[in-house]
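Only one structure is covered here, and it is reproduced in the block below.
Every chain is numbered from 1 and lettered A, B, ... according to where its sequence line falls, protein lines coming before strand lines. Only this structure's heavy atoms are used, side chains among them; waters, hydrogens and symmetry mates stay out.
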Number of protein chains: 2
Amino acid sequence: MERLLQSIKITINDKIFVKDPDSSELGRRILEHSIVLIDEIGFEAFTFKKLGDRIGSNESSIYRYFENKHKLLVYLTSWYWGWLEYQLVFATNSLPDASDKLKKAIEVVTRTVKEDNSYSHINEVVLNRIVINESSKSFLTKEVDEENRNGYFVIYKRIVERLAEMITQVDAGYAFPSSLASTILEGALHQYFLKDHFPALTDCDSSTSPTKYFTELVFKTLNQNSNV
Amino acid sequence: MERLLQSIKITINDKIFVKDPDSSELGRRILEHSIVLIDEIGFEAFTFKKLGDRIGSNESSIYRYFENKHKLLVYLTSWYWGWLEYQLVFATNSLPDASDKLKKAIEVVTRTVKEDNSYSHINEVVLNRIVINESSKSFLTKEVDEENRNGYFVIYKRIVERLAEMITQVDAGYAFPSSLASTILEGALHQYFLKDHFPALTDCDSSTSPTKYFTELVFKTLNQNSNV
DNA sequence: ATAATATGATAGTAATACTATTATTTTTGC
DNA sequence: GCAAAAATAATAGTATTACTATCATATTAT
């Protein structure tokens with residue numbers, strides 16, 4: 001699996017960037033260090049000037065790759081979802097049983113991220129923290145509909161749709177497959193956030209995982225007649 | 001109920017503001033029009049200068065009420081949760097049956113907001129849109145732990161705790177009452193957001209509500225042994 | 001070796017996010 | 001009704017942000 005992953009390029013919608021950051025050394029440095037810097041100081045305090053200082057490069061050079069920091073965030077989160085989608089498909093593809101497949105899928109999208117050395121310039125553990133803390137800001141904007149029309153969120157949508165489909169495969173009569181799928185994906189990020197900052201608002205801690213919570217939630221919900 | 005609500009003052013932690021905006025005419029104008037303006041142009045584009053122009057008042061006067069726009073957002077969302085908490089307690093308090101109580105609670109926290117004329121300067125329908133679109137930004141910051149220590153999010157936490165307690169009253173053996181409670185509250189906002197911007201990612205639309213989705217989800221989950 | 005391309009350096013602009021000071025208006029207390 | 005206090009407005013000023021434009025230099029490709 002390690003070897004196979006190594007050869008996969010995660011393709012990001014080219015409307016998100018001015019120049020493909022994966023096409024040059026400087027571009028890859030921008031990606032690598034923007035992840036670290038956003039994690040360190042937060043998205044609000046992050047600027048291209050600070051990133052330029054950090055990588056010993058000029059602010060104006062960074063603008064040649066991304067129009068602004070919002071687009072960079074959209075790129076980074078898209079890359080993350082692309083990376084996760086690959087894992088999702090790889091891990092579930094060969095499973096013949098619908099329940100096994102869904103269970104594995106929930107595990108993949110809710111588990112704690114481990115380092116993956118396939119992409120040397122991207123630290124997936126740090127990127128996962130950015131997705132937890134900052135990714136909502138990529139779509140909670142006034143421009144969301146236009147950006148959605150331009151395909152900025154296709155990968156994310158595809159993951160939710162894949163999950164929803166797996167849910168339907170387990171229980172064709174369930175009325176809310178898409179809502180449940182989107183709840184799992186956003187909800188898992190939220191449970192990780194709560195674990196770190198509002199531990200009283202979650203039961204997830206060192207001994208109980210978001211994976212366990214969501215797996216139980218989903219399998220208790222499916223294949224049951226509504227008792228409400 | 002209308003009459004009773006009229007007399008209730010929603011109390012906000014006084015560390016959030018410099019001067020209580022509910023104590024003066026200008027303060028209330030700030031609240032009223034900041035809600036409208038944030039809804040119109042989004043939190044990123046919103047500035048105290050623009051708000052000052054809108055209410056025919058000076059930027060510097062607004063700074064005497066709030067240190068910055070982030071604190072104003074924390075105030076507005078706190079007010080919203082205070083308003084919702086009152087409705088939650090009022091609607092569920094007299095119900096003797098634990099399941100009825102929880103069902104009503106889910107309804108209150110997930111339903112579409114209707115105008116409430118008890119607070120003349122605050123439009124709850126517009127404020128609800130702000131909570132859906134912007135409230136995550138109030139806690140997705142580097143300062144969240146300090147602000148949490150200062151009690152900025154107490155009302156929100158209390159609502160989640162109340163919900164969690166009601167869940168436990170229905171099923172004392174359920175292992176994730178707090179996670180489920182926080183999932184309902186954040187998840188409902190997210191489903192409303194998806195309905196407006198990513199309809200393919202939710203099953204909630206004009207004919208099916210987030211209330212129905214979450215009610216079914218919760219009652220299917222509780223009082224069942226884990227089948228995972 | 002030349003041309004094309006990428007990057008760097010510098011400068012400049014409008015807006016943001018404030019702080020400080022002083023003037024004016026409004027409120028209140030007697 | 002008047003003085004004192006409090007609130008608000010007006011103005012100015014600063015550092016930073018979020019860019020754009022231009023020109024110089026370095027790197028790469030033909």
key: Given A:Val160, A:Leu88, A:Leu185, A:Ile12, the one that forms side-chain contact (heavy atoms from CB on, under 4.5 Å) with A:Trp81   = A:Leu185
message = Applying a 4.0 Å non-hydrogen cut-off, can you work out what A:Phe48 is touching in the nucleic acid: base, sugar-phosphate, or nothing?
response =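 If one applies the 4.0 Å heavy-atom cut-off, A:Phe48 turns out to touch nothing in the nucleic acid.
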message = Can you classify the ring geometry of A:Tyr80 versus A:Trp83 as parallel (below 30°), tilted (30 to 60°) or perpendicular (above 60°)?
response =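 Ring orientation of A:Tyr80 relative to A:Trp83: tilted.
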May I have the distance from [X] (atom [atom1]) to [N] (atom [atom2]), rounded to whole angstrom?
{"X": "B:Lys49", "N": "D:dA9", "atom1": "NZ", "atom2": "P", "value": "14 Å"}
{"X": "A:Ile62", "N": "D:dA18", "atom1": "CD1", "atom2": "C1'", "value": "13 Å"}
{"X": "A:Phe46", "N": "D:dA18", "atom1": "CZ", "atom2": "P", "value": "10 Å"}
{"X": "B:Leu51", "N": "D:dT8", "atom1": "CG", "atom2": "P", "value": "14 Å"}
{"X": "A:Tyr63", "N": "D:dT22", "atom1": "OH", "atom2": "P", "value": "17 Å"}
{"X": "A:Asn68", "N": "D:dT20", "atom1": "CG", "atom2": "C1'", "value": "14 Å"}

query = Should A:Lys137 and A:Glu44 count as an ion pair when the cut-off is N to O under 4.0 Å?
reply =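 Between A:Glu44 and A:Lys137 there is a salt bridge, with a charged N closer than 4.0 Å to a carboxylate O.
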Between [X] and [Y], does any side-chain donor sit less than 3.5 Å from a side-chain acceptor?
{"X": "B:Tyr192", "Y": "B:Thr112", "value": "yes"}
{"X": "B:Thr215", "Y": "B:Glu107", "value": "no"}
{"X": "A:Lys142", "Y": "B:Asn133", "value": "no"}

Give me the distances for all protein-to-nucleotides 4-15 of chain C N/O pairs that come in under 3.5 Å?
residue : atom : partner : partner atom : Å
C:dT7   : OP1  : A:Tyr65 : OH           : 3.2
C:dT7   : OP2  : A:Lys19 : NZ           : 3.3
C:dT7   : OP2  : A:Tyr65 : OH           : 2.8
C:dG8   : OP2  : A:Ser57 : OG           : 2.5
C:dG8   : OP2  : A:Ser61 : OG           : 3.0
C:dG8   : O6   : A:Arg64 : NH2          : 3.1

